Each structure stands twice: as structure tokens, then as C-alpha cells.
Visitor: 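Here it is, the structure in full.
So that the names make sense, note that chain A is the first sequence line, chain B the second, and so on, each numbered from 1. Here the structure is a predicted model, which means the values were calculated and not measured.
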Amino acid sequence: MLQISIPMYGLLDCNNFYASCERVFNPSLNGKPVVVLSNNDGCVIARSSEAKTLGIPMGEPAYKLKELIETNKVAVFSSNYVLYGDLSHRVMTILQSFVPEIEIYSIDEAFLLFDGFEKINLHEFGAKIVQTTTQNTGIPVSLGIAPTKTLAKVASKFAKKYKNYKGVCVIDTDEKREKALKLFDIGDVWGIGRQYSKKLQYYGVNTAWDFTQRSKSWVRHTMGVTGERTWLELRGTPCIEMDRSVTKKSICTSRSFGERLTELAPISEAVANFAASCAEKLRKQHSLASIVMVFIHTNPFATNEPKYANQIVLPLPVPTSDTTEIIRFALAGLKTIYKDGFRYKKAGVIITEILPERPFQQDLFEVRNRDKFNKIMGVMDSLNESYGKQKVKIAAQGFDRKWKLKNEKLSPCYTTKLSDILEIKAAE
DNA sequence: TCTGGGGTCCTAGGACCC
DNA sequence: TCTGGGGTCCTAGGACCC
């Protein structure tokens with residue numbers, strides 16, 4: 001018989017990732033409700049299953065939950081991205097040892113490509129992946145395997161929901177696909193958000209299966225090409241490939257301030273730091289940017305104070321990844337959009353139009369010595385790499401840090417070097 | 001008083017050109 | 001006052017994801 005190689009896609013998802021990370025080094029939290037708050041301790045961004053059972057919704061502002069948290073002894077943490085990033089890396093490294101190709105989709109999710117696995121029992125193999133990952137990292141995970149990415153997403157939800165699957169669910173026949181899709185709410189499908197789900201329900205489409213029974217042209221008409229892709233994927237035709245690109249097309253660093261800022265000086269300091277962080281991320285992926293954007297705004301939710309929001313787009317004369325240059329443009333931009341008399345809540349820097357480091361178009365009239373600056377940036381990055389973040393920085397980044405965010409419930413950085421821990425202690 | 005941060009892709013409409 | 005048709009590029013905004 002002719003063997004055709006049909007790849008299968010896997011989606012591995014870390015269960016309640018941030019909450020699980022907090023538990024890895026603090027097992028006394030096992031079985032207890034845990035929530036993790038967003039930057040500035042604003043709202044809930046992760047919940048353990050116990051916290052979900054208590055009815056704590058995702059995205060709920062923390063202040064609304066005070067009572068619930070106290071009466072139920074919920075463990076509350078500020079988000080600790082250093083810790084989560086490190087555990088994420090451990091998970092991804094393990095996955096790479098099992099399959100030839102993975103796509104890191106987010107901090108807690110990866111797609112796996114099972115190409116050339118025709119003779120392998122994917123249930124057993126998947127179970128091994130789940131078991132090894134959980135054992136070696138302490139993070140519980142779920143794995144869905146199916147002929148398309150969208151179906152793998154569906155499968156992973158079943159793997160997580162039903163205990164007897166033991167973390168793995170494989171959709172490899174049409175019968176299983178039909179059964180799964182009939183039990184799957186349309187709004188939970190990857191690619192169908194709040195707006196489309198409302199629209200589809202209006203037309204009587206309540207499950208993923210209902211959706212697949214509509215005509216292709218109807219879907220195209222109501223939801224465009226993205227909807228059509230989802231439709232095809234749910235019917236078993238793969239049209240979303242593994243994403244092999246490693247470089248980002250835009251890089252953004254933005255924060256809400258710990259307290260409202262009114263003066264230009266502290267906002268400039270914040271923006272300089274955001275710009276520096278963008279430039280650093282840019283160099284890490286060996287790219288150059290051609291556009292810098294800066295934005296500032298007051299609290300958009302405030303009802304009883306004047307609101308203001310503005311942004312500016314600044315084309316760079318020559319694509320660059322030089323921190324000093326990106327800071328310079330960002331600060332000039334800020335100066336033009338900043339207006340006196342407002343209480344600012346948030347600012348950010350976005351860089352776009354990103355190109356590979358070389359080859360790039362040299363500007364004949366360029367006066368700065370680019371090689372020299374590149375060398376300086378290289379030295380700065382390696383110093384910061386070995387001695388901890390922000391050891392070396394540009395003067396404009398300042399030391400006041402009035403804009404620093406709140407994170408009062410930060411867990412210790414269990415996985416990082418001693419120097420980093422001392423740094424964090426010193427900053428408190 | 002308190003409501004995150006960082007991404008991607010697609011489309012409609014305007015400006016401009018011939 | 002009338003005023004076509006087609007192409008391209010850019011931008012803002014909307015939808016989605018985690």
C-alpha cells in the first residue's frame with residue numbers, strides 16, 4: 001500500500017501556567033486557590049482551578065475581589081515574568097527533544113509537528129511527552145493532536161477538561177472529529193472571538209459542528225478569509241502552517257505608571273527606558289527598525305477628569321537598532337505630543353518596519369560612525385547579560401523611576417542568579 | 001483610588017496616479 | 001456643471017490571539 005506522509009499537529013498547553021509556576025517552588029500552595037495579577041497588581045490574569053471554582057473571573061480588577069480573597073484565603077501574586085519565562089524555556093526545551101519541529105506560540109503554548117510519525121502510536125507517544133514534561137518541570141500540561149492546528153487546539157481543550165484522557169487527546173478519525181465538534185462551543189474555537197461568536201449565534205450557529213455545516217461561501221461572506229480558513233481547518237483541511245519565522249514584525253514596550261504622572265521629565269525617563277528595552281529586543285533578534293512610535297494617555301476609564309491620548313509616528317532616517325538613536329527619536333516624539341495639565345497613566349514605545357541586520361541600505365550622507373555604535377551596543381548587551389539587567393544604560397533612562405509599577409506581591413525569583421535577586425531586593 | 005502587556009492579520013477607504 | 005475606470009499605496013481601525 002502506498003504510504004503518504006500526512007503530518008499531524010500537536011498543541012501543548014501548560015495548565016493555568018502562571019499559577020502553576022508559583023506552585024513549582026512553593027508546594028504548600030497545591031490544592032489551594034492561587035491567582036496572579038497583571039502589572040501594577042491591576043487585574044487577575046491567571047487562576048488555579050480552585051480559584052476558577054470560587055468563581056473568580058479572568059480579567060477581574062483586584063480591588064473588586066478583596067472580600068472573596070480574604071474569606072477564601074486565596075494566595076495572590078504579582079506577575080513574575082522572569083520566573084515564568086524561565087520555566088517556559090524549560091518546557092520548550094523538553095518538547096524539542098521529542099519532535100523535529102516546534103513553534104513556540106506563546107509563553108505557555110507550543111505547536112508540535114508530527115511529520116513522519118505514521119508508524120508511531122500517537123496516543124502513547126503523546127502520553128510520554130506529557131508525562132516527561134510534567135515530571136521534569138512541575139508544570140501540568142495538556143496535549144491535543146489532530147490533522148490541523150485548529151483541531152489540535154480543540155483536542156487540547158478536551159485533554160485538559162476530561163481527567164480520563166490523562167492529558168492527551170487525539171482526533172484522528174472523522175467520527176472523533178464530529179463527536180468533538182458537536183460538544184464544542186463556537187466561541188471557544190481558535191480564531192473566533194467575541195464579535196464573530198455573537199454574530200454566528202445570531203444565525204443559529206452554536207457549536208463548532210454547526211459552523212462546519214454552513215457553506216463555504218456563506219462563511220466567506222460573513223467572516224472573510226480568516227473565517228474561511230478556520231472553517232477549512234475544522235473540516236480537516238490544514239491551511240495554517242507552522243510559523244517558521246523567528247523575527248517579530250513589531251516590538252512594543254509599554255507600561256501603566258505606578259502613580260499618575262503630570263510632568264514631562266518623569267514621563268521622558270519612562271519613555272527612554274521603554275525605547276531602550278525595544279532596542280534591546282531588536283538587537284536580540286538581529287534586526288533593525290525604520291519606524292518609532294510613541295504614545296501616551298490618561299486613564300481612559302476616568303469619568304471625572306480631563307482625558308487625553310495621542311501618538312506620533314517617527315520615521316528613522318536610516319534603519320537602526322542603536323539604543324541612543326531610538327531613545328533620541330522617542331523623546332523628541334514625546335515632547336511634541338505631551339500636553340501640560342493632564343494626569344498621565346500610561347506610555348509606550350512601538351518599533352515597526354523591521355528589517356534583518358544586513359544587508360541594509362547605507363545612507364551615503366550618514367555622518368555617525370555606525371560600526372562604533374554597534375560595538376558599543378554589543379558591549380552594553382553582554383555586560384547586561386552577565387551582570388544583570390540595566391547595569392549599563394543610557395543617561396536619559398535615569399534613576400528616579402517615579403514611573404515604576406507596583407508589584408507588592410512578587411514571589412522570589414527562584415530560578416535566577418543571585419546577582420538578580422540582590423538587584424530586586426535593592427530595588428524594593 | 002483601584003480595570004495588563006505584547007503581538008498578528010485583514011479590510012475599507014482615502015490619496016494619488018494614469 | 002459635468003465629470004470614467006482601474007491600479008497602487010498607505011493608514012486607521014477592527015478582529016483575533018495569548
Side-chain angles (χ1 to χ4, degrees), chain A residues 11-18 35-46 56-67 69 76-81 84-85 88 103-111 149-150 153 156 186-200 220-230 233 239-241 243 245-260 274 277-278 281-282 285 291 293 295 297-305 309 311-313 315 343 345-354 405-408:
Chain A
L11 186 276
L12 184 128
D13 185 273
C14 300
N15 303 344
N16 316 321
F17 184 57
Y18 296 168
V35 301
V36 177
L37 304 178
S38 61
N39 276 332
N40 272 326
D41 297 342
C43 56
V44 174
I45 53 166
I56 297 175
M58 192 72 161
E60 186 80 343
Y63 69 92
K64 286 192 186 167
L65 293 169
K66 236 180 144 185
E67 225 183 279
I69 285 170
V76 179
F77 292 92
S78 304
S79 35
N80 183 345
Y81 289 102
Y84 311 151
S88 170
E103 174 195 331
I104 298 172
Y105 181 64
S106 73
I107 194 165
D108 69 337
E109 273 180 52
F111 286 106
K149 279 181 160 183
T150 308
K153 277 267 197 184
S156 79
I186 188 64
D188 293 334
V189 173
W190 186 47
I192 295 182
R194 288 255 292 279
Q195 306 302 320
Y196 283 141
S197 135
K198 218 162 58 182
K199 195 167 181 181
L200 288 168
R220 174 67 191 247
H221 179 251
T222 11
M223 300 172 65
V225 292
T226 44
E228 191 181 327
R229 276 205 280 268
T230 301
E233 285 246 322
C239 39
I240 306 173
E241 303 264 300
D243 184 357
S245 68
V246 286
T247 55
K248 292 193 173 112
K249 294 166 184 168
S250 74
I251 292 171
C252 171
T253 306
S254 71
R255 294 282 182 281
S256 297
F257 306 130
E259 54 190 86
R260 296 288 182 280
F274 302 157
S277 147
C278 284
K281 293 178 197 168
L282 194 58
Q285 64 165 41
I291 301 268
M293 282 171 57
F295 68 85
H297 61 75
T298 56
N299 184 359
F301 302 106
T303 49
N304 50 2
E305 63 176 288
Q311 62 175 75
I312 187 166
V313 176
R343 298 173 67 236
K345 161 121 172 104
K346 183 175 178 178
V349 173
I350 304 168
I351 52 184
T352 56
E353 301 288 293
I354 288 171
L405 38 84
K406 277 191 299 198
N407 47 11
E408 287 162 356

Visitor: Between A:Val349 and A:Cys278, what is the shortest heavy-atom contact and its length?
Guide: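 Looking at all heavy atoms of both residues, the shortest contact is O-SG, 3.4 Å.
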Visitor: In dot-bracket form, how is DNA chain B paired, counting a Watson-Crick or G-U wobble pair only if both its distances are under 3.5 Å and using | for bases paired to another strand?
Guide: ....||||||||||||||
Visitor: Nearest whole angstrom, please: distance from the C1' of B:dG6 to the OH of A:Tyr84.
Guide: 16 Å
Visitor: Figure out the NZ/P separation between A:Lys149 and B:dT8, and round it to whole Å.
Guide: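 In whole Å, B:dT8 P lies 14 Å from A:Lys149 NZ.
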Visitor: Inspect the surroundings of NZ in A:Lys248 and state if more than 12 heavy atoms from other residues, nucleotides or ligands are less than 6.0 Å away.
Guide: no
Visitor: Please find the pair of heavy atoms, one from A:Gly258 and one from A:Asn40, that lie closest to each other, and give the distance.
Guide: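 Smallest interatomic distance, heavy atoms only, reads CA-OD1, 3.7 Å.
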Visitor: Check the angle between the aromatic planes of A:Tyr81 and A:Tyr18 and answer parallel, tilted or perpendicular using the 30° and 60° thresholds.
Guide: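 The rings of A:Tyr81 and A:Tyr18 stand perpendicular, inter-plane angle above 60°.
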Visitor: Report, as a single string ordered 5' to 3', how protein heavy atoms within less than 4.0 Å touch nucleotides 13-18 of chain C: B base, S sugar-phosphate only, - not at all.
Guide: --SSSS
Visitor: What is the distance from CD1 of A:Ile240 to P of B:dC9, rounded to the nearest Å?
Guide: 11 Å
Visitor: Tell me which nucleotide among B:dG7, B:dC10, B:dC9 gets nearest to the side chain of A:Val225.
Guide: B:dC10
Visitor: Is the ring pair A:Phe257/A:Phe274 parallel, tilted or perpendicular, if the boundaries are 30 and 60 degrees?
Guide: parallel
Visitor: Check this for me: does any side-chain nitrogen of one of A:Lys149 and A:Glu103 sit under 4.0 Å from a carboxylate oxygen of the other?
Guide: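 Salt bridge between A:Lys149 and A:Glu103, a charged N being under 4.0 Å from a carboxylate O: yes.
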Visitor: So A:Ile107, base contact, sugar-phosphate only, or nothing? Heavy-atom distance under 4.0 Å.
Guide: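 A:Ile107: no heavy atom of the nucleic acid under 4.0 Å.
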Visitor: A:Phe77 CZ to B:dG4 C1': how many Å, rounded?
Guide: 19 Å
Visitor: NA contact type, A:Lys64, heavy-atom cut-off 4.0 Å: base, sugar-phosphate, or nothing?
Guide: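 Nothing, no heavy atom under 4.0 Å.
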Visitor: Verify the contact: side-chain N or O of A:Arg255 to OP1 or OP2 of B:dG6, cut-off strictly under 4.0 Å; return yes or no.
Guide: yes
Visitor: Please figure out whether A:Gly224 or A:Lys249 has its closest DNA chain B nucleotide nearer the 5' end.
Guide: A:Lys249
Visitor: Has A:Lys249 got a side-chain atom pairing as donor or acceptor with A:Thr352's backbone, closer than 3.5 angstrom?
Guide: no
Visitor: Check whether any side-chain N or O of A:Glu233 sits under 3.5 Å from a backbone N or O of A:Ile240 as a donor-acceptor pair, and report yes or no.
Guide: yes
Visitor: Please check the phosphate of B:dG5 (OP1 and OP2 only) for any side-chain N or O of A:Thr253 closer than 4.0 Å.
Guide: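 Answer no for this pair, as no side-chain N or O of A:Thr253 is under 4.0 Å from OP1 or OP2.
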Visitor: Can you check the A:Leu282 CG to B:dG6 P distance for me, whole Å?
Guide: 15 Å
Visitor: For a quick test of reading the model, state the closest non-hydrogen atom pair linking A:Ser254 to A:Gly348 and the distance between them.
Guide: CB-CA, 3.5 Å
Visitor: Please list each protein N or O that sits under 3.5 Å from an N or O in nucleotides 1-3 of chain B, with the distance.
Guide:
unit_1 : atom_1 : unit_2   : atom_2 : d
B:dC2  : OP1    : A:Arg260 : NH2    : 2.3
B:dT3  : OP1    : A:Lys345 : NZ     : 2.4

Visitor: Please report the distance, rounded to the nearest Å, between CE in A:Met293 and P in B:dG5.
Guide: 16 Å
Visitor: Just the rounded figure in Å: distance from C1' of B:dG6 to CD1 of A:Ile354.
Guide: 12 Å
Visitor: Looking only at non-hydrogen atoms, find the nearest pair between A:Ser38 and A:Ser79 and report the distance.
Guide: C-OG, 3.6 Å
Visitor: Just the rounded figure in Å: distance from P of B:dG5 to NZ of A:Lys248.
Guide: 17 Å
Visitor: Between the side chain of A:Ser88 and the main-chain N/O of A:Ile107, is any donor-acceptor distance below 3.5 Å?
Guide: yes
Visitor: Got A:Thr298 and A:Arg343 here, is their nearest side-chain heavy-atom distance under 4.5 Å?
Guide: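 Not in contact.
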Visitor: Looking only at side-chain atoms of A:Cys252, point me to the closest of B:dG4, B:dC9, B:dG7.
Guide: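 Per side-chain heavy atoms of A:Cys252, the pick is B:dG7.
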